[in-house]
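Structure record follows, encoded as structure tokens.
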Amino acid sequence: MTTDNAAAEDSDNFRFFGLGGCNEVGRSCHIIEYKNKVIMLDSGVHPGLGGMNSLPFFDEYDLSKVDILLISHFHLDHAASLPYVMQQTNFKGRVFMTHATKAIYRWLLSDFVRVTTLFGGGDGDKQADESPNNNAASANLYTDEDLMMSFEKIETIDYHSTIEVEGIRFTAYHAGHVLGACMYFIEIGGVKVLFTGDYSREEDRHLKVAEVPPTRPDILITESTFGTATHEPRLEKETRMMKNIHSTILKGGRVLMPVFALGRAQELLLILEEYWSLNEDLQNVSIYYASDLARKCMAVYQTYTSIMNEKIRLSATSGEKTNPFQFKFIKSIRSIDKIQDIGPCVVVASPGMLQSGVSRTLLERWAPDPKNAVIMTGYAVEGTMAKEILAEPHTIPSIVNPEVAIPRRLSVDEISFAAHVDFQQNAGFIEEVSPKKIILVHGDSNPMGRLKSALLSRYSSRKGTEEEVKVFNPRNCEDLLIGIKGAKFAKVVGLLAESEIGLVREFLEKKENESKITEVKDEDAMEEVKTEEAENELQAKDNGAQVTQDDKFISSGIVLSGVLISKDFDMNLLQLEDLQEYTQLTTSFVKSNIRLKIQASVSLILWHLEQMFGHINVVMDEEELWECLIMDMILVSVDKSTPATGLNINVEWINNNAMADSLADSIVAILYSVDSSPASVKLTSKTHTHSHIVKKEDSGEVATEDKKGHQLSDISSRIHRISTLLKAQFGDAITQLDKKGAVVKIGKAEAEIDFTSLQVKCPSRVLKDRVENILKRGCKLSAPFSTNQKEI
């Protein structure tokens, strides 16, 4: 497991888990998790492996947890295992890709199914783009029926449109790799992730270059196919390729160009068509495009010219309405038998990895002749014949009988037209999107490692700062956890927003007025003028406190309370009454009551309740019914119609909080003990009609007892108790103390206390909070359970 060391304990972890395509090229499939949302990015197969071995490591992850699966483009190493996932695993999520990708995906996967069901590889009539090794009958991963059933479930997305699924938002942008390829900008719970897939920043004859999303991502997941390598300029490699082809034809040779059936093949055909139209001496030499699959999909290219570059769009919509994919000098053929093996020719054939099909058959047929040439134009994956031929071996094994060695005398040239970014393009793109976390995928270990080192060196000056850039290159099935810190915001809605908007407006206006400095003409006088806000901040700093905007807002007294509703990362604060309007939730109240019977008078019951709760609100006092409301929550009703047999009492309350239940239990306990309490016996056996004067020896003050012998909670007694508490807390720091108030001075900070209103004036927030907490505690001790704490 790899963990971002900067992840704080209180942060949420973003998880990246690679099922394929990590430190390798092929079977791209990545899992990202955040806030219990799971996204799968791509679902491919490995071109150099066959059967179940070519799949990503699906057994290492519970696919039923995946919410959505996003396919970046139609190439087999990014999309070929999708039907397997959708039909043969416990995957239950939704699948998205662009319209053009879905249109080509159907034909591409149908051809893939046809070829992988063959035993021992393809023949001249059987070809597929990037087909895996077909060396076992178990190579078929799914059937045509699986493909068609999965195809119907795939949803499409337009470029620049945003789709939201269960709180996950994602937007598609042009990636420039092949027709329909896109990169996804994903937002989960405030975390922004950009997945590039395979992308190209080099302009070509028909595709747009990869776009830079307008929003900065927190995490970038990008390809590293070419590592730190730099591409040859496009015009230079086109010139070199055509020079090689021209010279081979002039000496009577044949040129083989292995390609992926769809993608770069169309770009190469446009280059060849243009060159042939400019060179009349070549127009009698045939160019063959040997791919039945590409022939079927050419209609897709002719249809989706609207998402190609400006040159293609203009030519397709001009008065002539010429379609660039309707070729004049290129012959599309289904079978290798159509190729005339007499004289020079150029054959653009699939598959690009030379594992089977037309390209492999022609390679073996033309390899012994030194006049012939093979030009490798795409990326060669490890373990394929395309990779082996680049080493220019003396012999190559026959696909029909691997024990037969075929001499290799034809020339081999590598001129990469692979639509992947090189180091300069990749680094430039990363600079523009400016992420803080970079995850490298789709690259062999060595190129990926070099790219990581180059990026860390590039951003070394930011190390240790808030803008530090971290680069990760996890392996397959290796957990990568990245700590995410972010503020959480709740939107105030409904009646709560309407009731508080006036207070907020008043607060903002007040702050605006306080920030204005009175205009003073005298410059010396101007320096002495400071706003109250600045003085408060300075005073607070002297006392070791740091004032922030949040502190100022809180100190204004604007406190919002309500029901906090969280759904798909959005939080709303509202009143209980608005719950049904803004959510699908409903509310209900449960009213509880307890009936009991006691032998006591109403006045005795009232006395006992007053001793516990102080003030009792008597709402009804009639001949047969007496009612009181305690703390605005508990209603006590007394039926006085049967005094001889005892009073029938009903205690009623609404179960909307735990405090109400606890308070009701306390009241019932008091009522049950009324007729047996020693104080009740004393009160009913002897009545006092005078008052007692008790002198308090410690202070010399006088407290008055009522006629029943119990101490009164009058104003002076409560002030005395609070004053005693303040003395215990602050001691000599109290510079003034009387019945009206007190003054506490600590250092430069001074707090003025008004006993009448319980208001505290103090520029130091720290001292003010401390004094206010003591006053609140004093109020509770001097008048427990009072309904109005500000009334001493």
Side-chain angles (χ1 to χ4, degrees), residues 4-8 11-16 30 32-35 37 39 41 68 70 72 96 157-165 167-177 181-201 208-224 421 423-442 451-452 454-474 480-489 491 568-571:
D4 179 9
N5 294 328
S11 63
D12 296 311
N13 280 330
F14 173 91
R15 182 191 184 196
F16 175 90
H30 319 297
I32 58 175
E33 290 185 34
Y34 187 65
K35 298 283 190 180
K37 300 294 183 181
I39 300 174
L41 305 171
I68 58 175
L70 304 177
S72 62
F96 293 88
I157 181 173
D158 294 316
Y159 288 106
H160 307 125
S161 66
T162 300
I163 294 178
E164 182 170 348
V165 178
I168 305 170
R169 298 184 183 93
F170 56 97
T171 307
Y173 292 95
H174 287 280
H177 179 62
C182 71
M183 53 180 65
Y184 290 101
F185 191 93
I186 306 162
E187 185 173 355
I188 320 173
V191 174
K192 300 175 180 62
V193 182
L194 177 61
F195 172 59
T196 66
D198 292 352
Y199 78 109
S200 173
R201 293 282 286 169
K208 292 183 177 181
V209 298
E211 297 177 281
V212 177
T215 306
R216 175 185 183 182
D218 302 300
I219 300 171
L220 173 67
I221 304 174
T222 183
E223 66 152 299
S224 55
V421 286
F423 173 69
Q424 295 299 331
Q425 295 163 354
N426 208 358
F429 181 81
I430 292 172
E431 187 73 30
E432 287 193 65
V433 299
S434 188
K436 291 185 180 180
K437 316 288 184 184
I438 303 171
I439 302 174
L440 301 179
V441 297
H442 198 280
L451 177 59
K452 178 180 179 179
L455 291 174
L456 289 175
S457 176
R458 190 183 185 99
Y459 296 108
S460 59
S461 61
R462 302 186 189 180
K463 191 172 183 179
T465 68
E466 292 184 357
E467 293 299 316
E468 179 178 359
V469 176
K470 296 194 174 182
V471 184
F472 307 94
N473 58 333
L480 170 60
L481 300 180
I482 298 177
I484 302 294
K485 286 185 176 181
K488 297 180 179 179
F489 299 94
K491 183 169 63 176
D568 296 337
F569 314 117
D570 294 328
M571 292 190 293

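Just so it is clear, the structure is predicted and the values come from calculations on it, not from any experiment. Atom set for the values below is all heavy atoms of this structure, side chains included, hydrogens, waters and symmetry mates excluded. Residues: numbered from 1 along the sequence shown.
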Requested in this report: Evaluate the side-chain proximity of I188 to I39: yes if any heavy-atom separation is below 4.5 Å, no if none is.
Outcome: yes

Query raised in the report: Just by modelled atom types, is the S434 backbone N or O under 3.5 Å from a matching donor or acceptor in the R216 side chain?
Result: yes

Query - Steps toward side-chain contact (heavy atoms from CB on, under 4.5 Å) verdict (I168, I68) - result: CA-CA 9 Å; I168 305 170; I68 58 175; 3.8 Å; yes

Query raised in the report: Can a donor-acceptor pair be found between the side chains of N13 and Y34 at a distance below 3.5 Å?
Result: no

Report task. Output all residues satisfying side chain to side chain contact (heavy atoms under 4.5 Å, CB included) with K452, sequence neighbours left out; order by chain, then residue number. Result -> L440, L456, V471, N473

**Report entry** Donor-acceptor under 3.5 Å (K470 side chain, I439 main chain)
**Finding:** no

Query raised in the report: What pair of heavy atoms forms the shortest contact from A210 to M183, and how long is it?
Result: CB-CE, 3.8 Å

Side-chain donor/acceptor pairs under 3.5 Å, residues 169-177, sequence neighbours excluded:
from: R169; atom 1: NE; to: E164; atom 2: OE1; distance (Å): 3.3
from: T171; atom 1: OG1; to: T162; atom 2: OG1; distance (Å): 2.7
from: H177; atom 1: ND1; to: A419; atom 2: O; distance (Å): 2.7
from: H177; atom 1: NE2; to: H75; atom 2: ND1; distance (Å): 3.3

**Report entry** Residue pair Y159 / C182: nearest heavy atoms and the distance that separates them
**Finding:** CE2-CB, 3.7 Å

**Report entry** Side-chain donor-acceptor contact under 3.5 Å, Y459 with E431
**Finding:** yes

**Report entry** Partners meeting side chain to side chain contact (heavy atoms under 4.5 Å, CB included) with K463 (sequence neighbours left out)
**Finding:** E468

Query raised in the report: Is a side-chain donor or acceptor of S460 paired with a backbone partner of S457 at a separation under 3.5 angstrom?
Result: yes

Report summary line: Heavy-atom nearest pair, F185 first then T215, reads CE1-O, 3.3 Å

Query raised in the report: Which pair of non-hydrogen atoms, one from L220 and one from V433, has the smallest distance, and what is that distance?
Result: CD2-CG2, 4.1 Å

Query raised in the report: So, D218 side chain and K192 main chain: donor-acceptor pair closer than 3.5 Å or not?
Result: yes

Query raised in the report: Any ion pair linking E432 and R201 (charged N to carboxylate O, less than 4.0 Å)?
Result: yes

Query - For S200 against V421, the heavy-atom pair lying closest together - result: CA-CG1, 4.0 Å

Query raised in the report: Are the ring centres of Y199 and F429 closer than 6.0 Å?
Result: yes

